There are 2 protein chains.
Amino acid sequence: MQHDLPSVTVSRLVSYLRVLADMEAEGVAYVTSERLGGASQVSAHQVRKDLLLTRVTSGTRGRGYTVAILRRELSSTLGLTRSWRVAIVGMGRLGQALADYPDFSGFNFSLICGFDRDASKVGKTLGTLPVFDTRELADRAREQALDIAFLTVPVASAQAATDLIVAAGIRGILNFVPTVLTVPEAVRVEPVDFLAGLKRLAFYLQPHAAVAAAS
Amino acid sequence: MQHDLPSVTVSRLVSYLRVLADMEAEGVAYVTSERLGGASQVSAHQVRKDLLLTRVTSGTRGRGYTVAILRRELSSTLGLTRSWRVAIVGMGRLGQALADYPDFSGFNFSLICGFDRDASKVGKTLGTLPVFDTRELADRAREQALDIAFLTVPVASAQAATDLIVAAGIRGILNFVPTVLTVPEAVRVEPVDFLAGLKRLAFYLQPHAAVAAAS
DNA sequence: TAGTGTGAAGGAGTTCACAGCC
DNA sequence: GGCTGTGAACTCCTTCACACTA
């Protein structure tokens, strides 16, 4: 359906979609690129270019975009119209917290099960998720048609767990571990790394970034 | 000290630094741009260009970079040689989980205190963090010389909390809330948004991204 | 010889300007 | 008149090529 969008555009589409969902909830019917950009902190030019790339058809010259239609169009290009089956690999503190996260289903993501190496967790049900042994990953992945893995294991076992995930045929990894994973090209990793974000912050907070300074 | 680096470069420096720390721990003395790039999944060209931009001096032609020195240099450009004082705004589930996070100190970040609007939490000590009323933010921020805020409040109150943080003179926000914040130019926001990452994943997992397909 | 330092070429994404429709 | 659709200019980052030095 959709060729290749610049990854920056994909990120912005996610942002637009969020804004559109809010607007639709508030009953807004039309939105201009100006307003949509404002809410996402992107220029109107950029918004129009992004939407051009996604071959959106909900724009009306002189009036703007129809919120409901645009939202549906973006949901569709982002692949959010079908449902995605997710497993959590690593049922430590973070894994359990994610298992308890309330509304994945609101976004068409379903938590199916968890995996852990720790025998004391295997076989239990944490929150509402059944926990299996990590060695069963391949079997369960096929059986349960898993699409996505949340990787929440300790750094030391991250690559090993990744290899199992890949071998199980799962093609999407949301990586919460602060390390770079090696995967074949067909597998996509999205990092979620708050420590990296924190370090970037430190860089920007240093004096030099104080933009010429007031004085 | 350091002018302006492309934000992509800053992200990669963080990555290099992580690799260097591991190497130093393993006792590796020298590293080539090739190896450093390999571990960070970046081309050797890119590594050298990034290091060129940061005016690093630890490279030796024919041999590579001295791990220990390069690590120190990057720590310094990233602003990780001084210590940063952090508060958590929003002591819900996520805020508390962060409060319990073990080794911020290993990175020169110190958790100082938490803030919450909920009177039942104010005055308590969660984990090891004293929790104050969010309305005290300005006073405590000055008193405690806070540099950075982790924003972990519900979406609905995110902008209001941000305004308080900004008014308190805090210039760095690590934003865990899935929404775009509006802040003055002098304030830096780094988003940590796993839902956005998840949606990006969905996009890339769709058939089209399957790279021309096998068959 | 091996691998950095660095200008120059190339490519990708952003901004601009304006034509085209409602 | 107002705002989208879209090619073209521009800017920024990446890749390349190679001179340079330990």
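The structure presented is a predicted model; accordingly, all values stated were derived computationally and were not measured. Naming: A, B, ... by sequence-line order, numbering from 1 per chain.
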Original post:
Any side-chain N or O of B/Tyr65 under 4.0 Å from OP1/OP2 of C/dG5?
Top reply: yes

**OP:** Calculate the interatomic distance between A/Leu5 atom CG and C/dT14 atom P; express it in whole Å.
**Re:** 12 Å

Original post:
To the nearest angstrom, how far is A/Arg35 atom CZ from D/dG2 atom C1'?
Top reply: 16 Å

**OP:** Quickly work out the A/Glu73 CD to D/dT4 C1' distance and round it to whole Å.
**Re:** 13 Å

Subject >> Options D/dG5, C/dT6, C/dT14, nucleotide nearest the side-chain atoms of A/Arg12 >> reply: C/dT14

Original post:
Given D/dT15, is OP1 or OP2 found less than 4.0 Å from the side-chain N or O atoms of B/Gln46?
Top reply: yes

Original post:
Among A/Phe115, A/Trp84, A/Phe104, A/Phe109, which one satisfies ring pair (Phe, Tyr, Trp, His ring centres under 6.0 Å) with A/Phe150?
Top reply: A/Phe104

Original post:
Looking at the side chain of B/Val8, which of C/dT15, C/dT6, D/dT14 is the nearest nucleotide?
Top reply: D/dT14

Original post:
Taking CG from A/Asp50 and P from D/dT4, how many angstroms apart are they, rounded to a whole number?
Top reply: 14 Å

Original post:
Tell me, do B/Ser33 and B/Leu51 make a side-chain contact under 4.5 Å, heavy atoms counted?
Top reply: no

**OP:** Summarise how protein sits on nucleotides 17-22 of chain D as a single string, 5' to 3': B when a protein heavy atom is under 4.0 Å from the base, S for sugar-phosphate-only contact, - for no contact.
**Re:** B-BBBB

Subject >> Separation of atom CG in B/Leu13 from atom C1' in D/dC13, rounded to whole Å >> reply: 14 Å

Subject >> Rounded interatomic separation in angstrom, taking CG from A/Leu51 and P from D/dT4 >> reply: 9 Å

Subject >> Within-4.5 Å side-chain heavy-atom neighbours: B/Leu198 and A/Glu190 >> reply: no

Original post:
Any ion pair linking A/Asp193 and B/Arg18 (charged N to carboxylate O, less than 4.0 Å)?
Top reply: yes

Subject >> Selected nucleotide, minimal atom distance to A/Thr32 side chain, candidates C/dA8, C/dT4, D/dC3 >> reply: D/dC3

Original post:
At what distance, to the nearest 0.5 angstrom, does CZ of B/Phe203 lie from CZ of A/Arg188?
Top reply: 9.0 Å

Original post:
To the nearest 0.5 Å, what is the distance between OG (A/Ser11) and CZ (B/Arg200)?
Top reply: 4.0 Å

**OP:** Taking only the side-chain nitrogens and oxygens of B/Ser33, find out if one of them lies under 4.0 Å from OP1 or OP2 of C/dG3.
**Re:** no

Subject >> A/Lys49 NZ - D/dT11 C1' separation (whole Å) >> reply: 14 Å

**OP:** Measure from the side-chain heavy atoms of B/Pro6 and tell me the nearest of D/dT6, D/dC13, C/dT6.
**Re:** D/dC13

Original post:
Are A/Asp50 and A/Arg12 ion-paired here, with the side-chain N under 4.0 Å from a carboxylate O?
Top reply: yes

Subject >> Comparing A/Ser43 and B/Leu52 on DNA chain C - which has the more 5′ nearest nucleotide >> reply: B/Leu52

Original post:
Roughly, in whole Å, what's the span from CG in B/Leu36 to P in C/dA2?
Top reply: 20 Å

